[in-house]
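Accompanying notes for the structure given below.
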Amino acid sequence: DPSSVNPTDLAGRKVVVSAGGTREYLDPVRFLGNRSSGLQGYALARAAASRGAHVTLVSANVSLPDPAGVSVVRVETTAQLREAVVTATATADAVVMAAAPADFRPTAVSDAKIKKSDDGSAPAIELEQNPDILAEISHDRSRAGAVIVGFAAETGDASGSVLDLGRAKLARKGCDLLVVNDVSGGAVFGSEDNEAVVLGADGASVEVPHGSKTALAHVIWDEVVRRFAD
Ligand code: CTP
Ligand code: CA
């Protein structure tokens, strides 16, 4: 267990972890959502707490018990996730965006439940893009010194391999580290295990072999600690 090797290297540090998947409501009972279970984010929060950090866990629609010794902030939508993360980031030493924010939200949310019509027709749903929280906090100069980590679940395609896409996303987001998962098989969702490459804006590339989400969490915190300025 790596936590017994380095039990206090996050002592006195304030870290923020987001976890889960956001929901974008169409009406009071329906939403657009995604398959994120929150397991990796919760593993990151537990690992950080075990290494002595003060942890704020911003949790979106996760059905997991609150980790001991962690402050949990519950959110549903990407707008709420953004608000909670931006607020907590102001005083944080590190931020890990393990959540899967919905990229789009319905342009309008109906106050009343949307009803079927008798003619068999279906409504069209118009979407608009949500704000990019990771890019926003990475480009915000006022977060001076905080180490910012993003995640990317990619399937390689004609435009590039999983790692090419990861490198490009790291540059676009402006974060310090990007944890890249190959999800071509769809296997990581809800799984206890993970396998990833941690890319650094400094050119670093750390391959994490198939293992528990807790083991990956500890590698991520190792890389964060390495990048603290003081
Ligand atoms: N992210 C975010 N805000 C969003 C969307 C994503 O902060 N509105 C964060 C995620 O938490 C993750 C990282 O950005 O840490 C990458 O998410 P991903 O969905 O891979 O990136 P996108 O920019 O949404 O690109 P794509 O079109 O590939 O989904
Ligand atoms: Ca996305």
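Both ligands and their constituent atoms are indexed starting at 1 by order of listing.
In terms of polar-atom proximity, Ala102 is not counted as a contact of ligand 1, lacking any N or O under 3.5 Å from an N or O of the ligand. Residue-to-ligand polar distances keep Arg172 apart from ligand 1: every N/O pair is separated by 3.5 Å or more.
Ranked by closest heavy atom to atom 29 (O) of ligand 1, the top entry among Leu165, Thr155, Asp103, Val149 is Asp103.
Considering every non-hydrogen atom in both Ile114 and Pro123, the closest pair reads CG2-CG, 4.4 Å.
Lys169 NZ, 3.4 Å is the protein heavy atom nearest to atom 25 (O) of ligand 1. Residue, atom and distance of the protein heavy atom nearest to atom 16 (C) of ligand 1 are Phe151 O, 2.8 Å. When only non-hydrogen protein atoms are considered, atom 9 (C) of ligand 1 lies nearest to Leu134 CB, 3.8 Å. What sits closest to atom 10 (C) of ligand 1 on the protein, heavy atoms only, is Ala99 O, 3.6 Å. Nearest to atom 14 (O) of ligand 1 among the protein's heavy atoms is Lys173 NZ, 3.3 Å. For atom 1 (N) of ligand 1, the nearest non-hydrogen atom of the protein is Pro101 CG, 3.7 Å. If you check which protein heavy atom lies closest to atom 3 (N) of ligand 1, you get Ile133 N, 3.1 Å.
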What's the verdict on side chain to side chain contact (heavy atoms under 4.5 Å, CB included) for Val73 and Thr56, showing C-alpha distance, side-chain angles and the deciding distance? CA-CA 7 Å; Val73 179; Thr56 299; 4.0 Å; yes
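A side-chain N or O of Thr91 and one of Lys14 form a donor-acceptor pair less than 3.5 Å apart. Side-chain contact, Asn181 with Gln40: no donor N or O sits under 3.5 Å from an acceptor N or O. Between the side chains of Ser59 and Tyr42, a donor-acceptor pair is found at a separation under 3.5 Å. No side-chain N or O of Glu76 forms a donor-acceptor pair with one of Thr22 less than 3.5 Å apart.
A salt bridge links Arg51 to Asp222: one of the charged nitrogens lies within less than 4.0 Å of a carboxylate oxygen.
Here Pro131 has backbone heavy atoms under 4.0 Å from ligand 1, and that is the only part of it that gets that close.
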